[in-house]
S.K.: 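Please find one structure pasted underneath; my questions will follow.
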Amino acid sequence: MGGVNAPAALRHWLTTGASLTAKLKAHSLAFRVQRLRQRSGRCLSDEAAAIGLPRAGRVWEREVLLRCDNTPVVYAHTAVPVAATASDWPLFSALGERSLGSTLFGDPQVRRGELEFARLRGGHPLHERARLALGGLNGAGGPVPPEQILYARRCLYRRHQGLLLVTEVFLPSVLDLVLQNNTTIMMNRS
């Protein structure tokens, strides 16, 4: 995890090599994907090089909240170069509120790259987008203060000639998830 220095309780979430969707499902009674938007947009400057663009440019982007028992626990951002073809990522445009992770891990033609990790401070575009996504919520999974550091990971996926970059920002509420004898409970942190 390099110099990210994530809290011990968060490390197993960040470093899991398996599907995050599967892990979240195992830690909740009701998992769901809340699609925030899916549209053409401009990638972040640090995403451009990862997806083979010479500079920040147009991509297809998807933003979702992953919810466990209706509590948002992960904000996810996906960027796909507009040059990708429908045969590269045939289901991307029709995902709706289905999990991208289930699609990626269920397709034998998809190759997963190495995980990269980051600490996001207030002002980072993904920190701000995660905060905006949570803006209208109260209680568990509520707004994240701008000074709170958020931890993220990203991974590049390849299918045929297409590239797809997924960044997952872990919200503080993910630390409340506990797996106990195949039963999940949300614990209040004191």
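Worth saying up front: this structure is predicted, and the values here are computed from it rather than measured. What's counted below: heavy atoms across the whole structure, side chains too, no hydrogens, waters or symmetry copies.
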S.K.: Check whether any side-chain N or O of Asp69 sits under 3.5 Å from a backbone N or O of Ser28 as a donor-acceptor pair, and report yes or no.
M.R.: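 Pair absent, no side-chain N/O of Asp69 close to backbone of Ser28.
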S.K.: Looking at Glu114, I'd like to know if its CD atom is crowded, meaning that more than 12 non-hydrogen atoms belonging to other residues, nucleotides or ligands lie closer than 6.0 Å.
M.R.: no
S.K.: Is the shortest side-chain N to carboxylate O distance from Arg121 to Glu128 below 4.0 Å?
M.R.: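 Result for this pair is no, no salt bridge flagged.
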S.K.: With side chains defined as the heavy atoms from C-beta onward, is the minimum distance between Leu164 and Leu156 less than 4.5 Å?
M.R.: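 No, too far: nothing below the 4.5 Å cut-off.
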S.K.: Can a donor-acceptor pair be found, under 3.5 Å and without considering hydrogens, that links the side chain of Arg153 to the backbone of Thr16?
M.R.: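 The answer is yes, because a donor-acceptor pair under 3.5 Å joins these two groups.
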S.K.: Between Val74 and Glu168, which heavy-atom pair has the shortest distance, and what is it?
M.R.: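 That closest heavy-atom pairing would be CG1-CB, 3.9 Å.
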S.K.: Within a reach of under 6.0 Å around CD of Gln161, are more than 12 heavy atoms found that belong to other residues, nucleotides or ligands?
M.R.: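 Not buried by this count: 12 neighbours or fewer within 6.0 Å.
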S.K.: Quick one: do the Ser40 and Arg58 side chains pair a donor with an acceptor below 3.5 Å?
M.R.: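 On atom types as modelled, these side chains qualify, holding a pair under 3.5 Å.
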S.K.: Considering non-hydrogen atoms only, spot the tightest contact between Leu115 and Cys155 and give its length.
M.R.: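 Distance-wise, the nearest heavy atoms are CD2-CB, 3.9 Å.
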S.K.: Can you list the steps and then say if Arg32 with Glu97 is a side chain to side chain contact (heavy atoms under 4.5 Å, CB included)?
M.R.: CA-CA 8 Å; Arg32 81 176 182 96; Glu97 300 223 330; 3.7 Å; yes
S.K.: Taking Lys25 for the side chain and Ala30 for the main chain, is one N or O donor matched with an acceptor at less than 3.5 Å?
M.R.: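 Side chain of Lys25 to backbone of Ala30, a donor-acceptor pair under 3.5 Å: no, none is there.
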S.K.: Identify all side-chain donor-acceptor contacts of residues 44-52 below 3.5 Å with residues at least two apart in sequence or on another chain.
M.R.:
from: Asp46; atom 1: OD2; to: Arg154; atom 2: NH1; distance (Å): 3.0
from: Glu47; atom 1: OE1; to: Leu44; atom 2: N; distance (Å): 2.8
from: Glu47; atom 1: OE2; to: His77; atom 2: ND1; distance (Å): 2.9

S.K.: Looking at side-chain heavy atoms only, is the closest gap between Val80 and Thr78 below 4.5 Å?
M.R.: yes
S.K.: Between Ser19 (side chain) and Phe105 (backbone), is there a donor-acceptor pair under 3.5 Å?
M.R.: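 Looks like no, no N/O pair under 3.5 Å.
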S.K.: Does any part of the side chain of Leu53, heavy atoms only, come nearer than 4.5 Å to the side chain of Cys43, both counted from C-beta?
M.R.: yes
S.K.: Would you indicate whether the side-chain heavy atoms of Leu65 and Leu171 approach each other to under 4.5 Å?
M.R.: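 Yes - at least one pair of side-chain heavy atoms lies under 4.5 Å apart.
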S.K.: Would you say His127's side chain and Gln148's backbone share a donor-acceptor pair under 3.5 angstrom?
M.R.: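 Yes, the answer is positive, given that a donor and an acceptor are paired below the 3.5 Å cut-off.
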S.K.: Hydrophobic cluster membership, with links at side-chain heavy-atom distances under 4.5 Å among I/L/V/M/F/W/Y: are Leu165 and Val110 in one?
M.R.: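 In one cluster: no.
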S.K.: When rounded to the nearest 0.5 angstrom, what distance separates CG in Asn70 from CD in Gln34?
M.R.: 8.5 Å
S.K.: Side chains of Leu120 and Ile149: does their closest heavy-atom pair fall under 4.5 Å?
M.R.: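 No, every pair of side-chain atoms sits at 4.5 Å or beyond.
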S.K.: Has His124 got a side-chain atom pairing as donor or acceptor with Leu126's backbone, closer than 3.5 angstrom?
M.R.: yes
S.K.: Among all residues two or more places apart in sequence or in another chain, which pass the ring-ring contact (aromatic ring centres under 6.0 Å, His included) test with Trp13?
M.R.: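 Result, ring-ring contact (aromatic ring centres under 6.0 Å, His included) vs Trp13: His27.
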S.K.: If you compare all heavy atoms of Glu61 against all heavy atoms of Gly41, which two are closest, and at what distance to 0.1 Å?
M.R.: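 What the structure gives for the nearest pair is OE2-CA, 4.1 Å.
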S.K.: Carefully, step by step, assess Lys23 and Thr21 under the rule side chain to side chain contact (heavy atoms under 4.5 Å, CB included).
M.R.: CA-CA 5 Å; Lys23 188 168 186 166; Thr21 297; over 6 Å; no
S.K.: Going through the checks in order, is the side chain to side chain contact (heavy atoms under 4.5 Å, CB included) test met by Trp60 and Gln38?
M.R.: CA-CA 7 Å; Trp60 294 109; Gln38 187 163 334; over 6 Å; no
S.K.: Taking Arg131 for the side chain and Val144 for the main chain, is one N or O donor matched with an acceptor at less than 3.5 Å?
M.R.: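 Here the side-chain-to-backbone pair exists.
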S.K.: Which pair of non-hydrogen atoms, one from Cys68 and one from Leu24, has the smallest distance, and what is that distance?
M.R.: SG-O, 3.7 Å
S.K.: If we only count heavy atoms from C-beta on, is the Arg67 to Phe31 side-chain gap below 4.5 Å?
M.R.: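 They are not in contact (no side-chain heavy atoms under 4.5 Å apart), so the answer is no.
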S.K.: Taking all atoms of both residues into account, what is the closest heavy-atom pair of Tyr75 and Ala133, and its distance?
M.R.: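 Where Tyr75 meets Ala133 most closely, the heavy atoms are CD1-CB, 4.3 Å.
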S.K.: Can you see which heavy atom on Pro81 is nearest to which on Val59, and at what distance?
M.R.: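 In this case the closest contact between Pro81 and Val59 is CA-CG1, 4.2 Å.
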S.K.: Under 6.0 Å from the CZ atom of Arg112, do we count more than 12 heavy atoms belonging to anything else shown?
M.R.: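 Enclosed: over 12 neighbouring heavy atoms sit under 6.0 Å from CZ of Arg112.
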S.K.: Is the shortest heavy-atom distance from the side chain of Val73 to the side chain of Phe170 under 4.5 Å?
M.R.: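 A side-chain contact is absent here, since even the closest heavy-atom pair is not under 4.5 Å.
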S.K.: What distance do Glu116 atom CD and Leu14 atom CG have between them, rounded to the nearest 0.5 Å?
M.R.: 13.0 Å
S.K.: Apply the test side chain to side chain contact (heavy atoms under 4.5 Å, CB included) to residues Tyr157 and Leu163: give CA-CA distance (whole Å), side-chain angles for both, the deciding distance (0.1 Å), then the verdict.
M.R.: CA-CA 6 Å; Tyr157 294 86; Leu163 300 174; over 6 Å; no
S.K.: CZ/Phe117 to CZ/Arg11 distance, rounded to the nearest 0.5 angstrom?
M.R.: 11.5 Å
S.K.: Working to the nearest 0.5 Å, report the span between CG of Leu10 and CG of Leu150.
M.R.: 10.0 Å
